[in-house]
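Since the structure comes first, as structure tokens, the remarks are kept for the end.
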Amino acid sequence: MERYQYIIVLLFIVLAFTPITWQAIQRRKLNPPPMASHDRKLYRLWRSDPQSYERQYGAMDKQYQQVQKDKNRTTP
């Protein structure tokens, strides 16, 4: 009887933490835009509504990436 209690508790723990762990793994695979990676508010907007983020901050992200590319090109 005591063995079954341990199995039930172990099963409960596995079932409770599997979705959370899966979501964390999926979130780590995402590559946020430059501005969203540096600002929590923008990151939340990007996660909740990527199209809205692109409309509002897409041009600034492209400009930031261009400046970084030019900066890396001129740096020896």
Side-chain angles (χ1 to χ4, degrees):
M1 188 65 166
E2 203 170 301
R3 249 186 215 168
Y4 294 121
Q5 289 176 345
Y6 288 125
I7 292 173
I8 290 171
V9 169
L10 181 64
L11 186 62
F12 175 74
I13 291 171
V14 168
L15 290 176
F17 286 103
T18 300
I20 295 168
T21 305
W22 181 253
Q23 288 175 356
I25 291 170
Q26 294 296 346
R27 196 175 311 125
R28 292 196 101 207
K29 290 182 181 179
L30 294 176
N31 191 13
M35 290 181 58
S37 63
H38 298 297
D39 189 341
R40 203 73 191 140
K41 180 182 169 190
L42 296 180
Y43 180 78
R44 286 190 202 125
L45 175 64
W46 174 72
R47 290 274 297 147
S48 65
D49 190 4
Q51 289 83 20
S52 174
Y53 175 86
E54 184 63 31
R55 282 193 309 272
Q56 293 177 18
Y57 300 101
M60 291 188 337
D61 275 334
K62 289 174 185 156
Q63 181 182 11
Y64 177 82
Q65 289 171 338
Q66 184 63 36
V67 167
Q68 290 300 317
K69 192 165 79 172
D70 291 344
K71 182 179 169 184
N72 289 339
R73 195 177 325 148
T74 59
T75 305

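Linking ILVMFWY residues whenever their side-chain heavy atoms come closer than 4.5 Å, directly or via other members, leaves Y4 and F12 in distinct clusters. I25 and F17 fall into different hydrophobic clusters, where Ile, Leu, Val, Met, Phe, Trp and Tyr are joined by side-chain heavy atoms under 4.5 Å apart, directly or via other members. Clustering ILVMFWY residues whenever any of their side-chain heavy atoms sit less than 4.5 angstrom apart, transitively, puts Y57 in the very cluster that holds Y43.
Atom OG1 of T18 sits about 11.0 Å away from atom CD1 of I13, to the nearest 0.5 Å. Separation of atoms CG (L15) and CG (L10) is listed at 9.5 Å; rounding is to 0.5 Å. In this structure, CE on M60 lies 8.5 Å from CD on Q63, to the nearest 0.5 angstrom. Here the straight-line distance linking atom CG of D49 with atom CZ of R55 works out to 6.0 Å at 0.5 Å rounding. For the atom pair CD (E54) and CG (L45), the distance works out to 11.0 Å, reported to the nearest 0.5 Å.
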Problem set entry | CA sep, side-chain torsions, deciding dist, call: N72, Q68, side-chain hydrogen bond (donor to acceptor under 3.5 Å, both in side chains) | CA-CA 6 Å; N72 289 339; Q68 290 300 317; 5.1 Å; no

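Pairing each heavy atom of D61 with each of P33, the nearest pair is OD2-CB, 3.2 Å.
With contacts defined as side-chain heavy-atom distances shorter than 4.5 Å, the pair M35/W46 does not qualify.
Checked by atom type, the side-chain pair D70/Q66 shows a donor-acceptor distance below 3.5 Å.
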